[in-house]
Amino acid sequence: GILLNIFLNKLVYILLIVCFENGSFSFQYVSSVDMSSGDILAVWSGVSFLPLDRQTFLRIHCCLSLLQSSFPNISHTAFFYNHHVVWCGLSLEDLRSLSRYLNDQLLPGRLETSFQSSSSAPTSYLSRFVGIGVTPSIHIYACSEDGDLQSYNLLVYTLAGATVCLTLPEREALTPSLYEKIDRLLEAKVSQLASDIGEQINKKSSSGTSSDSGSSSFRYVYHNHMNLATKTTVHGTNQSLPAEVMKTIGDMHIDMKK
């Protein structure tokens with residue numbers, strides 16, 4: 001619709017200005033942004049939460065709590081499965097940025113590799129971390145508990161489709177020994193959790209196939225601005241939404257912002 005075109009045009013213009021005015025901003029990033037796939041969901045920039053049963057969610061929370069208690073210098077933790085958020089200790093805005101960065105830039109293709117590898121495979125513990133350098137990490141800025149923006153090193157651990165993110169203060173030394181200890185704590189737990197989550201998803205999809213067959217003609221877009229949760233059945237279908245429907249959704253978005 002018209003609103004979407006204006007948004008995308010302004011976004012391209014801002015990115016190009018930043019590229020020309022700031023030499024550290026790479027042209028490669030601009031070329032990696034797929035503007036043709038932008039829609040109202042790109043405007044909302046929400047995240048997809050994965051619903052799990054209470055026992056599995058509690059086990060994930062206990063795993064992350066054990067990680068932070070074993071390594072007190074860890075400031076934040078987050079748990080993702082595929083492209084879905086399960087738990088995150090970051091602020092909502094930081095969660096939004098982290099989710100987009102993981103799903104659009106860092107992890108595409110990497111998750112398929114992590115699915116193929118098992119905990120019993122003879123692989124280096126460092127290969128399960130994604131980032132830059134011999135001890136893979138990513139330098140980021142995130143909100144501290146006091147709400148101040150601080151510098152952190154982000155460690156991204158992937159195994160069997162699950163991704164654990166943790167932040168350490170920039171001053172913390174990132175040694176191979178630290179990575180080995182983190183891997184030793186997480187490997188078996190994350191592998192089992194990923195297996196259990198996969199089984200739950202398969203059961204839900206198999207049980208929902210017959211019940212959803214009669215309602216396949218209905219599609220929806222849901223966004224909760226309080227926690228950024230976004231769900232939709234629009235993506236992945238062969239039929240695109242009519243222009244009138246997209247315009248209505250855009251108008252609703254403008255009304256909600258007033």
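Everything numeric here is computed off the predicted structure, so don't read it as measured data. Along the sequence shown, the residues carry numbers beginning at 1.
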Is the shortest side-chain heavy-atom distance between Leu168 and Ile74 below 4.5 Å? yes
Restricting to salt bridge (Lys or Arg N to Asp or Glu O under 4.0 Å), what partner residues turn up for Glu180, sequence neighbours left out? Arg184
Distance-only criterion, 3.5 Å: show the donor-acceptor pairs between side-chain atoms of residues 129-142 and protein atoms not counting sequence neighbours.
from	atom 1	to	atom 2	distance (Å)
Thr135	OG1	Leu174	O	3.3
His139	NE2	Ser151	OG	2.5
His139	NE2	Glu170	OE2	3.4

Looking only at heavy atoms, what is the nearest atom pair of Leu159 and Glu187, with distance? CD2-O, 3.4 Å
Working note: Leu90 + Cys165, criterion side chain to side chain contact (heavy atoms under 4.5 Å, CB included); need CA distance, chi angles, decisive distance, verdict. CA-CA 10 Å; Leu90 293 162; Cys165 298; over 6 Å; no
Donor-acceptor pair, side chain of Asn103 and main chain of Ser99, under 3.5 angstrom: yes
Shortest non-hydrogen pair, Asp94 vs Cys143, comes out as OD2-N, 2.8 Å
Atom OH of Tyr157 and atom OH of Tyr125: how far apart are they, to the nearest 0.5 Å? 12.0 Å
Is the closest side-chain heavy-atom distance between Leu106 and Val156 below 4.5 Å? yes
Heavy-atom closest pair, residues Tyr81 and Ala160: CE1-O, 4.1 Å
Quick check: closest heavy atoms across Ala78 and Leu64, and the distance to 0.1 Å? C-CD1, 4.4 Å
Hey, could you give me the SG/NE2 distance between Cys88 and His76, rounded to the nearest 0.5 Å? 8.5 Å
Any side-chain heavy-atom pair of Val164 and Thr77 under 4.5 Å: no
Below 4.5 Å, heavy atoms only, C-beta onward: do Lys181 and Ser177 meet side chain to side chain? yes
Hphob cluster co-occupancy, Phe49 + Leu92, side-chain heavy atoms under 4.5 angstrom: yes
Heavy atoms only: give me the nearest Ser70-Leu185 pair and the separation to one decimal. OG-CD1, 3.4 Å
Apply side chain to side chain donor-acceptor pair (under 3.5 Å) to residues Gln192 and Asp196 and explain how you reach the verdict. CA-CA 6 Å; Gln192 185 60 53; Asp196 294 344; 3.0 Å; yes
Quick check: do Leu154 and Leu98 have side-chain heavy atoms less than 4.5 Å from each other? yes
Rounding to 0.5 Å, atoms CG (Asn82) and CG (Leu107) come to a distance of 10.0 Å
Would you call Tyr179 and Leu155 a side-chain contact if the rule is heavy atoms closer than 4.5 Å? yes
Taking a hydrophobic cluster as the set of Ile, Leu, Val, Met, Phe, Trp and Tyr residues connected by side-chain heavy atoms closer than 4.5 Å, whether directly or through intermediates, do Leu58 and Ile197 fall within one such cluster? no
Rounded to the nearest 0.5 Å, the CG atom of Leu52 sits from the NE2 atom of His84 at a distance of 10.0 Å
Are any non-hydrogen side-chain atoms of Lys189 and Leu66 less than 4.5 angstrom apart? yes
Please round to the nearest 0.5 Å and tell me the distance separating atom OG of Ser75 and atom CG of Asn73. 7.5 Å
Which pair of heavy atoms, one from Leu193 and one from Thr56, lies closest together, and at what distance? CD2-O, 4.4 Å
Non-hydrogen side-chain atoms of Lys204 and Pro51 separated by less than 4.5 Å: yes
